[in-house]
Undergrad: 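Have a look at this one before I ask anything.
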Amino acid sequence: MEKEKREDDLVVDGYRFATIADAETARMEVKKVENLEQRLDYRRPQNVLLVYDRALDNRVFLTPVGLSYLHKMQNEMRRWGVPAEKIRPVPLHGTYSNKTARNRTIRESVAKRHPEYQGRFVTSVLVNVVLVLLIAAMIAIAWDSDSPNIINYRQAVVNEYSEWEQELSEREQKLREEKRKWEEKQRQEQ
């Protein structure tokens, strides 16, 4: 029963979606279409054209449900005499072939649509390389540094305490020698 429920959740207006989120988006688009159908008068083609253009500009419809409604709007506008050159085509924001990497015309089409991304990609790679080199330099400097840091703090503290211990041992040794000399001097005076 649960599998049937899930299958029903994915189907909207004759389309089976891959995810529940896409199906929910399509359900919202069905409500938008119903709302527009109640308010839109196709006998006023200039108003329909205005709504159509705003829907395209704001990407109101993303799923096949909404896109088919936009296609219906195109047909109605043609029927009511709107010139074909005024009716913009419905943009599809996805590719439908998994061979895009090998297909030269698709690559060129994508490159023509987004030429600014090519330069940004190269710039991004160069900036990342520079940042990696700077981080490596900072680690090398920190590693060789005499002052304690997050990398060598344990060794620095151990070295400092061992220096103090050695210094104290030397002072103790001198004090013992001085005491021994003083005791010897005291014995000789007696």
Side-chain angles (χ1 to χ4, degrees), residues 1-12 15-29 32 56-67 91-190:
M1 193 73 169
E2 190 173 311
K3 186 176 183 181
E4 290 177 22
K5 173 81 169 132
R6 179 163 164 67
E7 189 68 29
D8 289 344
D9 289 344
L10 295 174
V11 177
V12 178
Y15 294 99
R16 183 186 182 282
F17 291 91
T19 66
I20 292 177
D22 288 344
E24 287 301 318
T25 302
R27 282 188 190 85
M28 288 175 35
E29 289 185 5
K32 291 176 189 176
L56 291 182
D57 292 339
N58 297 329
R59 291 180 71 173
V60 173
F61 298 111
L62 302 171
T63 69
V65 173
L67 297 177
L92 300 177
H93 301 286
T95 58
Y96 296 97
S97 172
N98 57 0
K99 299 177 183 177
T100 56
R102 291 187 211 133
N103 192 333
R104 185 174 55 93
T105 57
I106 293 174
R107 281 195 319 257
E108 289 172 359
S109 171
V110 170
K112 286 178 186 174
R113 279 187 271 160
H114 303 290
E116 71 274 7
Y117 292 131
Q118 292 174 345
R120 289 181 184 173
F121 177 74
V122 171
T123 304
S124 173
V125 169
L126 290 175
V127 167
N128 285 327
V129 167
V130 168
L131 289 175
V132 166
L133 291 174
L134 286 173
I135 290 171
M138 287 172 39
I139 290 172
I141 289 170
W143 194 265
D144 289 340
S145 175
D146 291 337
S147 62
N149 55 47
I150 196 163
I151 295 173
N152 64 0
Y153 78 94
R154 179 179 170 92
Q155 190 62 39
V157 169
V158 168
N159 288 345
E160 189 172 345
Y161 280 117
S162 57
E163 286 175 13
W164 287 350
E165 185 179 3
Q166 185 177 359
E167 189 177 309
L168 282 174
S169 297
E170 289 173 2
R171 285 184 180 176
E172 275 183 29
Q173 184 65 29
K174 284 183 183 177
L175 280 174
R176 286 187 189 132
E177 284 181 27
E178 289 295 324
K179 183 180 177 186
R180 190 179 47 82
K181 286 181 184 176
W182 183 76
E183 286 176 350
E184 218 175 272
K185 190 175 182 184
Q186 287 296 331
R187 278 190 220 144
Q188 284 177 359
E189 287 180 4
Q190 287 178 354

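This is a predicted model, so every value here is computed, not measured.
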Undergrad: Can you check whether L92 reaches L67 side chain to side chain, under 4.5 Å on heavy atoms?
TA: yes
Undergrad: On a heavy-atom basis, which atom in L10 and which in T19 lie closest, and how many Å separate them?
TA: CD2-C, 3.5 Å
Undergrad: So how far is it from L126 CG to L131 CG, rounded to the nearest 0.5 Å?
TA: 11.0 Å
Undergrad: Inspect the contact between K174 and E178 and indicate whether a charged nitrogen and a carboxylate oxygen are less than 4.0 angstrom apart.
TA: no
Undergrad: Keeping the roles fixed (side chain from E29, backbone from V65), state whether a donor-acceptor pair exists under 3.5 Å.
TA: no
Undergrad: Only pairs at least two apart or in different chains count here, so list each ring-ring contact (aromatic ring centres under 6.0 Å, His included) that has a residue in residues 170-190.
TA: none
Undergrad: How are the rings of Y15 and F17 set to each other: parallel, tilted or perpendicular (split at 30° and 60°)?
TA: tilted
Undergrad: Which value, rounded to the nearest 0.5 Å, describes the distance between N128 atom CG and T123 atom OG1?
TA: 11.0 Å
Undergrad: Write out all pairs satisfying salt bridge (charged side-chain N to carboxylate O under 4.0 Å, His left out) with one or both partners inside residues 158-173, taking only residues at least two apart or from two chains.
TA: E167-R171, E172-R176
Undergrad: Within a reach of under 6.0 Å around CD of E177, are more than 12 heavy atoms found that belong to other residues, nucleotides or ligands?
TA: yes
Undergrad: Please test R27 against E24 for salt bridge (charged side-chain N to carboxylate O under 4.0 Å, His left out), starting from the C-alpha separation and ending with a verdict.
TA: CA-CA 5 Å; R27 282 188 190 85; E24 287 301 318; 3.0 Å; yes
